[in-house]
Amino acid sequence: MPNPQEDIAKLRAEIGKHDRLYYKDATPSIDDQAYDRLKTELTTLEAASPEFNFSESPTQSVGDDRLEAFESYTHRMPMLSLDNTYSMEDLIEFGRRLEKRFPEQILNYLVEPKIDGVAVSLTYEQGKFVRAVSRGNGTEGDDITSNVRPIAGLPNTIENAPDLLEVRGEIYMRHEEFERINAIREAAGQQLYANPRNLAAGTIKLLDPAEARARKLDMVLYGVGACEPARFFSHQAEIQQKLKGWGFSVLEKIWLTDGMEQAWQSIKELDSLRQNFTYPTDGAVVKLDDFRLQDEAGFTSKSPRWAIAYKFEAERAETLLKEISLQIGRTGAVTPVAILQPVQLAGTTVSRATLHNEDEIRRKDIRPGDTVLVQKAGEIIPQVLGIIESKRPADSQPFDFGAHLESLGIIAERDPSEAVWRITRKDDPIRQQRALQHFASRACMDIENLGTAVVEQLLSRGLAKNQADLYTLNTEQLLGLDKFAEKSATNLIAALEVSKTRALWQLIHGLGIPHVGKQSAKDLEAYFESLDAIASANEEQLEEVDGIGSIMAQSLHAWFTEPDHIILIDRLREYGLNFQSARIEMGDSALAGKIFVLTGSLPNLTRSEASEMIEKVGARTSSSVSKKTDYVLAGEASGSKYAKAVKLGLQILDESDFHELINAS
Ligand code: IVH
């Protein structure tokens, strides 16, 4: 029996999950087209059963990117979404609706590139830039001013401007920058970002503006939100001119057309040009040009009736799958990668694609020698959609994951609870090598001069098998290695010595505990404050930490109770590695243990500089104001947190009070 209520509930939950992954975590697990399909399916089901409550449905909202750690800000004019379509018929239908509404008028449509970036709203007051806010839930977004201010194409002041102006556009990352950052991450053994959009979305939500500045973002502006006086603009096309004159980066090309037929021709032209644009363009936005008509057409609950987005299908190409290569990660996990005959796809040459895991290969029956269909949606790492059966060689054999591992001399087992094969023997040289490389990487103990070649030699000569062994090395032993002279040997010994003082989270991350990444390591440090406390915690206690779920808790507990690891930890302690969170050592400072909340932007200090000063005196920062808060450090444009602090009667400091307080302690 079909049960529409159940189907609707299931789809709503599934789309809700994808919304969270896309907007909040910036790590979508499906491509846009697959997501749009789910949404269309839900819209159809809902239309057939109007009796089910719609107010909570993802079809009625624009997602939500707000995060607890940011100050939120209410848009003067909401930031809505656009109706999406992949079909020309829908586009024509959209035009017909408007023609019906405005008969006897020639409707001018403006065709613009649809940028696949992260929406932003910039507020100018009396011509001065005051704030950048993310879309949030459309009504209220996060104040991301500190991370947006350094982006090129954002003028600080604009001449002859309206008294109040919200400028709307998209933040994006260029392909070269995306690849530069991923290359660094790959070298450090960190997980790669799937596409520039996710990386841009993650970057504007970094809590440390210095870290955000180190990644180059770009911005393109195409619209206005609130504007006072209101009648500053009369046509959409004018906005582009005006924004350009004020010094904003604007769209490279827009088309002002007479009627939908011309608009469609322009969309086709846009499609042929878009690969040469600096920003990723995944479609066209068609807007009524005349603002009077826009006002009359109005809005539905989530999108304007005077605009529509036409999205281009993701690009696909056929190519030969030359081989399936197996890559080994820091915990010994084996990941299959498709090595492809290089093929041009969406403006880049694709020669590798992810295959996820054994089950995925089996489900799609992917075999070396197959001709496969690869897709690049947005800029997501290419995926193998499936094989072209008619092109399969006659002698083709199914891919046997286990046998392939064996033929490569890799001894791995498949974890029954996961789809992952892992090298489980700790004395396996490949695994040891990955573990040492990870430990030494920049995101962990940051040991300079301990690169792949050195790690390989240490292992093959039996000088170091695990992390603790590194700290027993001496100059003489190192002098025996290839290309090692007195200076390089002393440098490495010095780098090892320095690494003993790294922050506790770097050590936790460096241990290579399955599922435990950088952020979890930081969360663990903040909560437990010492490695010993983490090691002796049970699963229940571990799960109390925000951000640590049951899988991670289990993994941590299993790791720390393994006899080899107990010995490893004892040795690391004996060699003098830092096992404590820095603030504990400051136990006698007057501010030790105090809780600070930062809000708004300070005249001279960045958030991370202020946090660092707070941590140095043994205090800590929290993202929300509560009765437990000791001090609120408030800068310019502080909003709801400030108001709450006043209400609770908390001690509020400006930058100079803050310096005084810190110096006194
Ligand atoms: S106009 C009332 N124009 O796409 C909404 N949006 O899917 C008016 N976008 O929220 C939006 N390029 O973040 C407009 N040329 C363009 C755009 C564009 C990208 C984004 C924007 C919007 C989303 C809707």
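When a ligand or atom number is given, it counts from 1 through the structure's own listing order. This one's a predicted model, so the numbers in the text were calculated from it and none came from an experiment.
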Which residues pass the side chain to side chain donor-acceptor pair (under 3.5 Å) test with R168, not counting sequence neighbours?
S121, E166

Filter on side-chain hydrogen bond (donor to acceptor under 3.5 Å, both in side chains), then keep only pairs touching residues 145-159, sequence neighbours left out; what's left?
D143-T145

With rounding to the nearest 0.5 angstrom, report the CZ to CD distance, R274 to E252.
13.5 Å

Return the orientation label for the Y279 and F277 ring planes: parallel under 30°, perpendicular over 60°, tilted otherwise.
tilted

Would you please say whether a donor-acceptor pair under 3.5 Å links the side chains of K128 and Y124?
no

Residues forming a side chain to side chain donor-acceptor pair (under 3.5 Å) with E41, sequence neighbours excluded:
none

Tabulate distances under 3.5 Å between N/O atoms of ligand 1 and N/O atoms of the protein, writing both atom names on each line.
{"from": "ligand 1", "atom 1": "3 (N)", "to": "K287", "atom 2": "NZ", "distance (Å)": "3.0"}
{"from": "ligand 1", "atom 1": "4 (O)", "to": "K114", "atom 2": "NZ", "distance (Å)": "2.8"}
{"from": "ligand 1", "atom 1": "6 (N)", "to": "Y222", "atom 2": "OH", "distance (Å)": "3.2"}
{"from": "ligand 1", "atom 1": "7 (O)", "to": "K114", "atom 2": "NZ", "distance (Å)": "3.0"}
{"from": "ligand 1", "atom 1": "9 (N)", "to": "Y222", "atom 2": "OH", "distance (Å)": "3.4"}
{"from": "ligand 1", "atom 1": "10 (O)", "to": "L80", "atom 2": "O", "distance (Å)": "3.2"}
{"from": "ligand 1", "atom 1": "10 (O)", "to": "R135", "atom 2": "NH1", "distance (Å)": "2.8"}
{"from": "ligand 1", "atom 1": "12 (N)", "to": "I115", "atom 2": "N", "distance (Å)": "3.0"}
{"from": "ligand 1", "atom 1": "13 (O)", "to": "E170", "atom 2": "OE2", "distance (Å)": "2.4"}
{"from": "ligand 1", "atom 1": "15 (N)", "to": "E112", "atom 2": "OE1", "distance (Å)": "2.8"}
{"from": "ligand 1", "atom 1": "15 (N)", "to": "P113", "atom 2": "O", "distance (Å)": "3.0"}

